[in-house]
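Notes to accompany the following structure.
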Amino acid sequence: MSEGYYYNNSRDKRRQQKRKQSIVKGVIFGVVCVAIVALLVLLFVKLFGGRDDNGDVTKEPAQTSEQETRDSAQTEDTEDPADTTKAEEDDTTPAGGSENANVQAVLDEAALLAAQYDYDAAIEKVKSISGYEQIAAATKAIDDYELTKASCVAVNPETVPHIFFHSLIVDPDRCFDRSKYGTLVDGYNAWMVTIEEFNQVVQTLYDQGYVYVHLSDLYVKTTDADGKVHYAKNTSLMLPPGKKAIVLSLDDLAYYAQYPDGFASKIVLNDAGELKCEYVGRNGEIQVGDYDWLPLYDKFIKEHPDASYRGAKGTIALTGYDGVFGYRTDEGFFSNPTSDEAAWIAKHPDVKLEDEIEQAKVIAQAIKEDGWEFASHSWGHRPMNEKSLDWLKTDTEKWLSRVAPIVGDTDILIFPHGADIGGLSDYNSDNEKYAYLSSKGFHVYCNVDASQLYWNQFRDSYVRQSRIDIDGYTLYLALSNSNTVISKLGLDAQAIFDKSRPTPVIANGAG
Ligand SMILES: [Zn+2]
């Protein structure tokens with residue numbers, strides 16, 4: 001519209017000049033013409049204008065040329081496939097400015113992909129910039145990524161350690177209150193680490209060059225024509241020299257009803273859509289923040305993207321009997337509660353099973369999108385080596401019917417208490433528990449063994465791996481023995497162990 005207006009305006013002006021040359025034909029005629037032109041201009045402004053309401057005709061041509069220059073510059077921007085939307089929207093940025101900003105934004109995205117060791121994706125991202133061959137920063141980035149990629153070495157999945165934590169102690173004074181919790185304190189003292197201890201472990205592992213990979217990054221899973229799954233070591237997991245892969249898992253993200261004070265109470269999404277923890281303070285006030293490993297890891301990896309291989313975080317092992325993520329999603333919790341569960345229900349009289357399930361599904365989806373995987377940790381958290389096959393079947397069916405619908409299917413089983421269903425030799429079909437679990441889709445198994453840095457079996461029909469518990473007990477042992485896995489992981493127990501813990505820390509089983 002404005003172009004039509006300006007074009008016609010120029011034409012009218014020429015027409016006006018022409019008429020002025022004919023002034024000898026009559027001053028009155030000229031005056032009439034000028035009046036007509038003025039009326040025409042006013043009419044155009046009225047019909048198509050709106051940009052300028054001062055009616056200052058003599059000023060218009062200067063604005064016209066400026067506007068035309070800017071319009072044509074914007075037309076070029078619009079033709080740039082890099083980011084047409086932004087070019088169209090950005091009416092005020094001088095020509096070239098938004099284009100540079102777009103190039104930089106794409107280069108930043110590529111840098112993040114490369115920082116997380118996905119060099120091919122980073123290079124593809126740079127090449128998506130139109131005319132990248134002419135942009136020095138782009139060609140330099142590609143050269144850098146090619147060089148770093150060429151320097152990478154293959155990770156041997158058989159030598160990758162696997163560590164795990166339980167939920168973190170926010171307030172040790174509240175958690176270790178023996179007058180309130182009696183001998184239960186010994187359990188939490190052995191199984192858990194404090195937020196302070198956790199932060200030191202995570203920072204030290206990063207400083208040692210450890211990079212979190214998913215458990216599923218260690219193997220390649222294929223399904224044959226008969227629908228049978230096969231597993232093989234992944235030989236194409238590559239990291240730069242000096243970087244070491246490590247697997248992370250986190251147990252029991254249920255915030256059990258029996259937990260003492262001083263722990264987070266549930267996973268929630270804040271207004272910005274970030275996963276956070278709800279925590280009940282000393283005076284009953286509800287706070288939302290980084291009160292457990294999930295938001296703390298998210299924050300750490302955001303600040304240190306190279307701590308994660310392609311966005312991997314960890315595997316979250318879930319039980320069922322008290323629900324998931326602090327949501328009471330199990331029917332038995334309400335229909336047949338233990339004394340701890342009954343006390344919890346009394347404190348939360350408005351909580352309804354159906355609402356909890358719906359909310360937990362939203363949280364589960366957000367956690368998956370955030371880079372975490374889920375595993376079964378059994379429904380009832382009993383040692384599978386001691387329990388009967390019938391018990392195992394009932395328990396597994398409960399997990400599959402009450403937890404899997406919320407978090408999705410998984411082929412990973414993390415044994416409760418670390419208690420394996422077999423010895424060190426290979427599983428075979430004579431092992432009834434293995435045969436049953438395999439028939440239910442579980443093919444990746446994790447026990448607990450903190451006596452060595454790594455132990456695993458990559459077999460055609462299953463994968464098995466041991467895990468190292470990083471907790472009060474292993475840190476306490478490492479205080480007086482500098483030869484445990486804690487120091488083999490490069491962790492300094494003297495610096496990490498919270499001296500306010502009750503000692504000695506008594507063994508209570510792990511996982
Ligand atoms: Zn557990």
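By convention here, the first residue in the shown sequence is residue 1. Start at 1 and go down the list; that is how both ligands and their atoms are numbered.
- In this structure, NE2 of His381 and NE2 of His377 enclose an angle of 100° at the Zn ion (ligand 1), rounded to 10°.
- The salt bridge (charged side-chain N to carboxylate O under 4.0 Å, His left out) search around Lys393 returns none, not counting sequence neighbours.
- Considering only residues two or more places apart in sequence or on other chains, Thr222 meets the side chain to side chain contact (heavy atoms under 4.5 Å, CB included) condition with Val220, His230.
- For Asp252, the N/O/S atom at the shortest distance from the Zn ion (ligand 1) is named OD2.
- The distance from the Zn ion (ligand 1) to the nearest N/O/S atom of His417 is not under 2.8 Å.
- Environment of CG in Asp409: sparse, with no more than 12 heavy atoms of neighbouring residues, nucleotides or ligands closer than 6.0 Å.
- When all heavy atoms of Ser487 and Ser482 are compared, the pair lying nearest together is OG-O, 2.6 Å.
- Look at His166 and the Zn ion (ligand 1): no N/O/S atom of the residue is under 2.8 Å from the metal.
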